[in-house]
Amino acid sequence: MELGRDSDTGGQIKYVVELARALALMPEVYRVDLLTRQICSPDVDWSYGEPTEMLSLGSYDDFEDVGESSGAYIVRIPCGPRDQYLRKELLWPYIQEFVDGALTHILNMTKVLGEQIGSGGLIWPHVIHGHYADAGDIASLLSGALNVPMVLTGHSLGRNKLEQLLKQGRQSKHDINATYKIMRRIEAEELSLDAAELVITSTKQEIEEQWGLYDGFDVKLERVLRARARRGVSCHGRYMPRMVVIPPGMDFSNVIVQDTGDVVDDGEAVQITSSDSSSVVPVSPRANPPIWDEIMRFLTNPHKPMILALARPDPKKNLTTLLRAFGERRALRELANLTLIMGNRDDIDEMSNGNAAVMTTVLKLIDKYDLYGQIAYPKHHKQSDVPEIYRFAAKTKGVFINPALVEPFGLTLIEAAAHGLPMVATKNGGPVDIHKALSNGLLVDPHNEKEIADALLRLVADRSLWNECRKNGLKNIHLFSWPEHCRTYLSRIALSRMRHPQWKTETSTEDEDLESQSDSLRDVQDFSLRLSVDGNMSISNPADLERMLKSQNSLGKNNGAEDLKPLTGKQRTMSGRMESMQVEGPETKRFGSLTGAHKAQPLKKRRRLVVIAVDGYDPATNNPSSRFVSLLQDLVKNIRSDSSIRVQPGLIISSALTKSEIVAMLNSAGLSPIEFDALICSSGSEVYYPASHQDDNGATDNIDLHADKDYSTHIDYRWGYEGLRKTMARLNKSDAENANNDKILIEDTKNCNSHCLAYSVTNSDIAPTVDQLRQRLRMRGLRCHVMFCRNSSRLHVLPLLASRSQSLRYFFARWNVDVANMFVVLGETGDTDYEELLSGTHKTIIVKDIVEGGSEKKLRATGNYGREDVAPAENSNMIVVEANATCDLLLDALK
Ligand SMILES: O=c1ccn([C@@H]2O[C@H](COP(=O)(O)OP(=O)(O)O[C@H]3O[C@H](CO)[C@@H](O)[C@H](O)[C@H]3O)[C@@H](O)[C@H]2O)c(=O)[nH]1
Ligand SMILES: O=P(O)(O)OC[C@H]1O[C@](O)(CO)[C@@H](O)[C@@H]1O
């Protein structure tokens, strides 16, 4: 791993890779896929371009009959410019594309695993785990598209970072937002809280003081809701994710603890042998590791105790304050050396601005305090050098210091403790919890140079304190082991409410199938729950495994999907930033197959879709505009009558209009609903499939619109219609009191449906924006998707992950039509859910001058992020055309 290469290659990478490996070794887990961005550029290692890479074999590799796919894998998904590394703050416009690519991979895997170990059924992921804000956003959308539970780990939180940066007073909020895209990140974190079943934190402090800053999380409300749920009392549609502290582990395999006993210090070494144990084994003395020589060449007396800091040269790691504390305190300089390991660098001019600024200040301070001979700051180190660096510091009876302004957890502190090195650490963040568990050093205010110098001096000078801290750290370090982490992790997941796609059928014979299928599902679910709750129960017994697989096989047949090759490619190299994780366990092989026989299922036969999602409304009436209607007529008639299109695509209308409004519009345009394969109505809250009745002579006598009931079930997650309706009424009342008692929103009961609360907006200029409304609802524990439509004249409140863009992903999962084979036709603006439709793997056709108004002004209040943080301004999948050229363009593309 290239840790410390830049601000994106830090502790999270190590955490996620080690977690993936450790999870894959758990007997309950069959496979872990670590999804990250693919980069094919000569500027980065070639392995970043590899689509798959094996991280480790899983615990099932011994069994011949459990397929060849178990283990932990990195899977790289293309998104954004393929040949360019982009720092994490610039990835936001490519989230939708990543989601679609990830969906393709997951759907492939459900089939591949089904064939390998599920006898042709589909095997869905057990959970989707997002790490960091961007992957949280992605995991929310994937979890919604697949109806699979989501887990979240924040690692480092945007609201906290914003607070700290504002406190430093060096940048305005506007500048911070421009540099760090912090508002977009915070919204991703809020969305992650909306969707996650479970949030894993490294410390208690992270729950109370960091997640507590979010609209969507409130420690007290969480407790109240949990207590109500336990007593079986209604929560009125309010939800809070469960938060659980599970500190990360560390890989002890390379840890060698030097025996620095006071009586004899003869260089004999002891080694921690297993990840679960702190037992020590003597190993023979050996020559100095090369990194020791590399450090020693800086120092006049390398035998003095080493004060060690190991952190990326990120301003928030506060290394310059440490340098000042050291430089100012003569006694400390006389007693000890300072070693700074600050990532790897070739040329400071080529480092990112923030990191380069830190390095320049460090060099200036070294010169100012004339620290030559007393400080080491090597340019390079390898991963294998890191344990040796800690060992060197411990051997000299040194101290590890982490003076970060805030440290969310602090992996380096447990690494230091595992090597018998006492610590001085910031009192802001995770170190407080680490100190409580290990009691291996002193906590300090990172802004206070004197306090830092005092603490370092105490530990370096007081031998008995040093010995006690070292001993304490070693004694309890086993608390931070990955197997321990995984056991708690899996048992917490087992307590979450598990969800998975379960398509239902409509005809009576299929209902019978469904009954028996549900019985099997219940059996297997019970079985899997027992498996996971008891973390020690293993499926290492092949008979258990066989029993489980058999019971899954009774769930049904393949959905007739095209054959897709398993992803293999077992290169053993490592890569950069990890985006999200998918965990699959054998117990998840409970999910049924897509028997899929909805009465009307034309989409199943389609391989390509044209989705008309133009929000063209007449500004005077807010009804469909004539420009839009004539484009619609043009598209339908030409596509349906063009015999040179070899395989007719499916046609879909996707709109804020209700089903009856769409039908009325089609009638007035002389079009029949039967021309369309599906209608996405009321902004994605309902899906209908038109089907024709035939009389006894085979003549069509009527057209039915079949509601997709599976879609209804699919989007029902965290939907609390009544609770929301009442809260909306209360909010509306208080807004009215501030606006001369004029109601801004009037409930539009005739346009509501069971998954859509509809309102007429009386004055769109003073109506709250989407982000303002969402904030008020989140603060009350209400999770939903709020959107304005029809030139801001209407407001729809929908289930959290119901939207027009998510419904396309549902079609992919449900009917096997890859999003990449969809053409989405849009205007230049539209309803407030418009920007989510702009990017993804589909082709986007933007028609000029077809939408006159749009609702985008109601999307975000000033000071928030912009469209450029949601979708790229241009991409090769997007084209802007004149209205009269749209049809020809599409026909050409379809031939
Ligand atoms: O030059 C360096 C700098 C760091 N590291 C390693 O990288 C990791 C750094 O982790 P940490 O110091 O914890 O910090 P961050 O990179 O900032 O990681 C974030 O994510 C971690 C995992 O959740 C949390 O422990 C941190 O608090 C959080 O800030 C450690 O394993 C270090 O050994 C190196 O190998 N070389
Ligand atoms: O400074 P930020 O934006 O909070 O980012 C910190 C994140 O980036 C990394 O440093 C890179 O791995 C992570 O360790 C951490 O989760």
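Index from 1, following the sequence. Please read these numbers as outputs of a predicted model, since none were measured by experiment. When a ligand or atom number is given, it counts from 1 through the structure's own listing order.
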request  = Could you tell me whether the side chains of E189 and Y132 share a donor-acceptor contact shorter than 3.5 Å?
outcome  =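 Result is no, nothing qualifies.
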query = How about S41 and Q84: does a side-chain donor come under 3.5 Å of a side-chain acceptor?
reply = no
Record the part of [X] in heavy-atom contact with ligand 1 below 4.0 Å; permitted values are side chain, backbone, both and neither.
X: S156; result: neither
X: L411; result: both
X: Y15; result: side chain

inquiry  = Salt bridge or not between D8 and K88? Use side-chain N to carboxylate O under 4.0 Å.
reply    =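 Answer for the salt bridge query: yes.
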query = Can D771 and R860 be counted as an ion pair, charged N to O under 4.0 angstrom?
reply =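 Here D771 does not pair with R860 in a salt bridge, since their nearest N and O are not under 4.0 Å apart.
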query = Is the closest heavy-atom distance from H131 to ligand 2 below 4.0 Å?
reply = no
ask   = Does ligand 2 have any atom sitting under 4.0 Å from a heavy atom of G154?
value =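 So G154 does not count as touching ligand 2.
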query = Which one holds for Q12 and ligand 2: side chain close, backbone close, both close, or neither close, with close meaning a heavy atom under 4.0 Å?
reply =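 It is both backbone and side chain that touch ligand 2.
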ask   = At a non-hydrogen distance cut-off of under 4.0 Å, which region of Y132 contacts ligand 2 (side chain, backbone, both, or neither)?
value = side chain
Heteroatom proximity flag, [X] to ligand 1, N/O under 3.5 Å:
X: A311; answer: no
X: G4; answer: no
X: G10; answer: no
X: E415; answer: yes
X: K316; answer: no
X: G343; answer: yes

task = Would you please classify the geometry between the Y15 ring and the W482 ring as parallel, tilted or perpendicular, with 30° and 60° separating the classes?
result =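 Judged by the thresholds at 30° and 60°, the geometry between W482 and Y15 is perpendicular.
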Looking at [X] and [Y], what are the two nearest heavy atoms and their distance?
X: Q38; Y: R76; value: CB-CB, 3.6 Å
X: E415; Y: M250; value: CA-SD, 3.7 Å
X: T52; Y: V75; value: CG2-CG2, 4.1 Å

Contact atoms of ligand 1, heavy-atom distance to [X] under 4.0 Å:
X: L310; answer: 2 (C), 3 (C), 4 (C), 5 (N), 32 (C), 33 (O), 34 (C), 36 (N)
X: E407; answer: 26 (C), 27 (O), 28 (C), 29 (O)
X: H381; answer: 1 (O), 2 (C), 34 (C), 35 (O), 36 (N)
X: V386; answer: 33 (O), 35 (O)
X: R312; answer: 3 (C), 15 (P), 16 (O), 17 (O)

Using a plain distance cutoff, I'd like to know if [X] has any nitrogen or oxygen under 3.5 Å from a nitrogen or oxygen of ligand 2.
X: H155; answer: no
X: R185; answer: yes
X: K316; answer: yes

request  = Could you tell me if the ring centre of W292 sits under 6.0 Å from that of F392?
outcome  = yes
ask   = Is the centre of the H129 ring less than 6.0 Å from the centre of the Y489 ring?
value = yes
Derivation and outcome, salt bridge (Lys or Arg N to Asp or Glu O under 4.0 Å), residues R21 and E18 = CA-CA 5 Å; R21 284 196 183 119; E18 288 182 0; 5.6 Å; no
task = Note the single closest protein heavy atom to atom 20 (O) of ligand 1, along with its residue, its atom name and the distance in Å.
result =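 The closest one turns out to be Q12 N, 3.6 Å.
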ask   = Of all the non-hydrogen atoms in the protein, which one sits nearest to atom 6 (C) of ligand 1, and at what distance?
value = L3 CD1, 3.6 Å
The one among [options] that brings a heavy atom closest to [atom]:
atom: atom 22 (C) of ligand 1; options: H155, E206, E2, M1; result: H155
atom: atom 9 (C) of ligand 2; options: P315, S7, G158, G4; result: S7
atom: atom 25 (O) of ligand 1; options: G410, A416, G11; result: G410

ask   = Taking the six-membered ring of Y214, is the NZ or CZ of R159 close enough (under 6.0 Å from the centre) and on axis enough (within 45°)?
value =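 Verdict for Y214: a cation-pi partner in R159.
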ask   = Can Q383 be said to touch ligand 1, with heavy atoms closer than 4.0 Å?
value = yes
query = With a 4.0 Å cut-off on heavy atoms, is K317 touching ligand 1?
reply = yes
ask   = With distance as the sole test, does E451 use its side chain to make a donor-acceptor pair with the main-chain N or O of D445 at under 3.5 Å?
value = yes
request  = Could you check D137 against R184 for salt bridge (Lys or Arg N to Asp or Glu O under 4.0 Å), going step by step and ending with a plain yes or no?
outcome  = CA-CA 10 Å; D137 204 322; R184 176 68 184 87; 2.9 Å; yes
inquiry  = So if I count the atoms of ligand 2 from 1 in the order they appear, which ones are less than 4.0 Å from some heavy atom of K161?
reply    = 1 (O), 2 (P), 3 (O), 4 (O)
Sub-4.5 Å side-chain heavy-atom contact between N448 and T321 = no
Quiz: residues 420-428 side-chain donor-acceptor pairs under 3.5 angstrom, not counting sequence neighbours:
unit_1: T426; atom_1: OG1; unit_2: A404; atom_2: O; d: 2.9
unit_1: T426; atom_1: OG1; unit_2: N428; atom_2: N; d: 3.1
unit_1: N428; atom_1: ND2; unit_2: L405; atom_2: O; d: 2.8

